[in-house]
Enquirer: 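Could you have a look at this structure, given as structure tokens, before my questions?
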Amino acid sequence: MAFEGLADRLQHVMNKIRGKGKVTEADVKEMMREVRLALLEADVNFKVVKDFVKRVSERAVGQEVMKSLTPGQQVIKVVKEELTALMGGEQSKIAVSNRPPTVVMMVGLQGAGKTTTTGKLANLLRKKYNRKPLLVAADIYRPAAIKQLETLGKQLNMPVFSLGDQVSPVEIAKQALEKAKEEHYDYVLIDTAGRLHIDEALMDELKQIKEVTKPDEIFLVVDAMTGQDAVNVAQSFNEQLGLTGVILTKLDGDTRGGAALSIKAVTNTPIKFVGMGEKLDALEPFHPERMASRILGMGDVLTLIEKAQAAVDEEKAKELEQKMRTMSFTLDDFLEQLGQVRKMGPLDELLKMLPGANKIKGLNNIQIDEKQIGRVEAIIRSMTKEEKMNPEIINASRKKRIAKGSGTSVQEVNRLLKQFEEMKKMMKMMTTMTKGKKRGFRFPFM
Amino acid sequence: MSFFKKLKEKITKQADTVTEKFKRGLEKTRNSFSEKVNDLIARYRKVDEEFFEELEEILISADVGVATVMELIDELKMEVKRRNIQDPQQMYSVISEKLVDIYRGGDEQPTALNIQPNGLTVILFVGVNGVGKTTTIGKLAYKLKNEGKTVMLAAGDTFRAGAIEQLEVWGERVGVEVIKQSAGSDPAAVMYDAIQAAKARNIDVLLCDTAGRLQNKVNLMKELEKVKRVIEREIPGAPHEVLLVLDATTGQNAMSQAKTFKEVTNVTGIVLTKLDGTAKGGIVLAIRNELNIPVKLVGLGEKMDDLEEFNPEQYVYGLFASFVEREESM
Ligand SMILES: Nc1nc2c(ncn2[C@@H]2O[C@H](COP(=O)(O)OP(=O)(O)O)[C@@H](O)[C@H]2O)c(=O)[nH]1
Ligand SMILES: [Mg+2]
């Protein structure tokens, strides 16, 4: 049951329409059926889908699609526009109280990722906004939850406020706030225990924490893989607490993430950030348009481009290109290039962002092994300057030394040298082919 | 004999207390699902197209998944035609019959855990982040210990902050030993240690925790493969169960999880957690249907005794208990 994106789904309908010369209302209806299925498969709540399809249908039947020469593309355009609009603008801002500290409460179901996200948020506040946050361990229920936050605090070199697991979370929050005021923290981030939205006692506890700390932000942390129940959860938390924002986690997975749309539709609170990995810097602003593409299964080209731009130093790229042309590309340059590609993030994730990548047979099985790249780097680093400039001089005894120095084997060193030779040959071909024409820089991996 | 009577007969052979507990545990799931069906059946006087449309929505809202729902609805329509059913009241048994059918796909697969009568049994827990692996291990340790088994835990999540301590707390609660190394160490090495310790101490069941990982992370999946290989190497025939833990709140991505984890670790069963919430985890129907992985355990809360063995008959019975009782009184 491979999930098809909207484009693939509409293709079937388009094939039928083609040759008829005219798009009928029945055709539009059939297209809307596909829109509905695509959204349901992406985990958008069925009620939200219903409303959405109704709105899109109106636009589709009224001119836009029926009169178009490319009705399939037109449908996609309309759907994407509506979806993006529904998702709201970009609002990745965190409130700043004019009477510090600013209090942020993190709430959500069990296992959503609250504690990790609290750590990430603290990291962002310090790194990007130069703020001083205090982390508060208010999950006294889950075994070792306090320890988890304390460990994150240590990793970040940030203080964590805790009173152990025998004091009520309300009291913990209250005392944390007092301490933060006294010691002039800018932010207080309260990590609360995961709880079911239908657990009255525990929901009451959150209301009390809200009461005593008067938070400026209440973030609902939601797992991006959540299914149809997302609406119930979000609605319930929102009604009981009044959310100010949503953070979607685990979006580095391969889920379509339709829950984002459901949550936005029922709570009308902005999605502010998305979690993109387990590391503490993997928190990114939410981009409505990209999310719309993702839900529709259209690949995330924008993210990919942005990552490439952020990672590749323009000057260096030009320099490399020059070297390629003049054939003075050395193993050192190769090393540098590897580093640039790696800066963009884990390679298998990058591949996944390419549109249609999930359709290419075998691509899922391609193993882009980061460790392998690490070994290649280690091998090159173990070479002398001279060896890197002139790999021809690397004889058997040098190979042995390099293998030993890099913790690899002579075979691996051989393989790398051979690959490098091949690469140079390829470059030669490429440069003769494109001579004269101005061509952009290309990664050999992509 | 009606379908429900057969179902009931089958279940009464099982301990009454378990069925009762199951019924109670599923109260919320049952209420919302059966209430919806109940309401649907009450509102319609005829089984028509609209009736099916609403039924489709009810199933979709349980995360059963579009493809499976379509299949189910088609089969129901055929059945209705074949038996010439007009009265919605008759739909109770048709619906549940088909649900059990789809779930079982014909063959009866054992849902009991494969615990060796003699010697060490190793159970490996796998799954994405936050689904409830560690908690389930704590709960299962408690259950097995109550059944008179000696149990040991292996702290194979060396990655997530506080994960080892979390398992240690469970070890203390239940009163079983936890084998661990320091945070950041090689999980395969932890498993090796744990197996040696379990052998030396004549332990019956070793429960192995692993770090949560998203199924699209190739390197992390490779690491898991290695963990499993070490277990296989040390004990022929082990791991005796590889349990994939799934969060009932998860939507269609659970299928992708099941597929990839099955490929990498040859999953033998599913633990469906957080059924005490309002989500139904309907995707397990499709997973059972497509990948033939049975649900073996369900999590119904965060307490030590909130774990039950899964039995599809019991599950459906629990889901439709009120109908069954009604049918009987008729
Ligand atoms: N309500 C409920 N919560 C659960 C259940 N199983 C686990 N949890 C909670 O889910 C969260 C994540 O569980 P954990 O065992 O740490 O997940 P892991 O990352 O897969 O090991 C914790 O807060 C658990 O208490 C369940 O059946 N019901
Ligand atoms: Mg765990």
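Below, chains carry the letters A, B, ... as their sequence lines are ordered, and counting in each starts from 1.
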Enquirer: Which pairs with one or both residues in residues 137-147 of chain A pass salt bridge (charged side-chain N to carboxylate O under 4.0 Å, His left out), sequence neighbours excluded?
Expert: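 Of all non-adjacent pairs touching residues 137-147 of chain A, those that pass salt bridge (charged side-chain N to carboxylate O under 4.0 Å, His left out) are Lys147(A)-Glu165(B).
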
Enquirer: Could you check whether any side-chain N or O of Lys133(B) sits under 3.5 Å from a backbone N or O of Asp209(B), counting only pairs where one atom can act as donor and the other as acceptor?
Expert: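 Side chain of Lys133(B) to backbone of Asp209(B): no pair is present.
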
Enquirer: Do you know the tightest heavy-atom contact between Leu300(B) and Asp276(B)?
Expert: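 Looking at all heavy atoms of both residues, the closest pair is O-CB, 3.2 Å.
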
Enquirer: Any chance CD of Glu75(B) has more than 12 other-residue heavy atoms, nucleotides or ligands included, within less than 6.0 Å?
Expert: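 Enclosed: over 12 neighbouring heavy atoms sit under 6.0 Å from CD of Glu75(B).
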
Enquirer: What part of Leu291(B) lies closer than 4.5 angstrom to a heavy atom of chain A: side chain, backbone, both or neither?
Expert: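 Looking at Leu291(B), nothing touches chain A.
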
Enquirer: Quick check on the interface: out of Thr151(A), Asn232(A), Asp199(A), who has the most heavy-atom pairs with chain B under 4.5 Å?
Expert: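 Most heavy-atom pairs under 4.5 Å with chain B: Thr151(A).
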
Enquirer: With a 4.5 angstrom heavy-atom cut-off, could you sort out which part of Gln257(B) is near chain A: side chain, backbone, both or neither?
Expert: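 Contact with chain A is through the side chain of Gln257(B) alone.
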
Enquirer: Under 3.5 Å, side chain of Ser185(B) to main-chain N/O of Ser182(B), donor-acceptor pair present?
Expert: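 At least one qualifying donor-acceptor pair exists.
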
Enquirer: Checking Arg195(A) against chain B: side chain, backbone, both or neither under 4.5 Å from a heavy atom?
Expert: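 The answer is neither part of Arg195(A).
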
Enquirer: Is there side-chain contact between Ile137(B) and Leu153(B), with heavy atoms separated by less than 4.5 Å?
Expert: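 The answer is yes, as the side chains (C-beta and beyond) meet within the 4.5 Å cut-off.
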
Enquirer: Side chain, backbone, both or neither: which part of Leu109(A) has an atom under 4.5 Å from a heavy atom of chain B?
Expert: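 Only the side chain of Leu109(A) comes within 4.5 Å of chain B.
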
Enquirer: Tell me, side chain or backbone of Ser256(B) under 4.5 Å from chain A's heavy atoms, or both, or neither?
Expert: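 The side chain, not the backbone.
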
Enquirer: At what distance, to the nearest 0.5 angstrom, does CG of Asn216(B) lie from CG of Asn253(B)?
Expert: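 Separation between the atoms: 8.5 Å.
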
Enquirer: State whether the side chain of Thr192(A) and the backbone N or O of Met106(A) hold a donor-acceptor pair below 3.5 Å, judged by distance alone.
Expert: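 Side chain of Thr192(A) to backbone of Met106(A), a donor-acceptor pair under 3.5 Å: yes, one is there.
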
Enquirer: Just give me the residue among Met70(B), Glu168(B), Lys274(B) that pairs up with chain A most often, heavy atom to heavy atom, under 4.5 Å.
Expert: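 The candidate making the most pairs under 4.5 Å is Lys274(B).
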
Enquirer: Is chain A contacted by the side chain of Glu57(B), its backbone, both, or neither, given a heavy-atom distance below 4.5 Å?
Expert: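 Looking at Glu57(B), backbone and side chain both touch chain A.
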
Enquirer: Checking Glu150(A) against chain B: side chain, backbone, both or neither under 4.5 Å from a heavy atom?
Expert: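 For Glu150(A), there is no contact with chain B at all, as no heavy atom is under 4.5 Å.
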
Enquirer: Where on Glu56(B) is there a heavy atom nearer than 4.5 Å to chain A: the side chain, the backbone, both, or neither?
Expert: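 Contact with chain A involves the side chain of Glu56(B) alone.
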
Enquirer: Which residue out of Lys50(A), His197(A), Glu278(A) racks up the most heavy-atom pairs below 4.5 Å with chain B?
Expert: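 Highest number of pairs under 4.5 Å: Glu278(A).
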
Enquirer: Tell me, for Lys154(A) versus chain B, whether the close heavy atoms (under 4.5 Å) come from the side chain, the backbone, both or neither.
Expert: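 Answer is neither: Lys154(A) stays 4.5 Å or more from chain B.
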
Enquirer: Specify which of Lys250(A), Gln228(A), Gln155(A), Gln110(A) makes the most heavy-atom pairs with chain B at under 4.5 Å.
Expert: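 Counting heavy-atom pairs under 4.5 Å, the top option is Gln228(A).
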
Enquirer: If we define contacts as heavy-atom pairs under 4.5 Å, which of Ala144(A), Ala42(A), Pro143(A), Gly111(A) has the most with chain B?
Expert: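 Most heavy-atom pairs within the cutoff with chain B belong to Pro143(A).
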
Enquirer: Check this for me: does any side-chain nitrogen of one of Lys114(A) and Asp191(A) sit under 4.0 Å from a carboxylate oxygen of the other?
Expert: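 A salt bridge is absent here (no side-chain N lies under 4.0 Å from a carboxylate O).
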
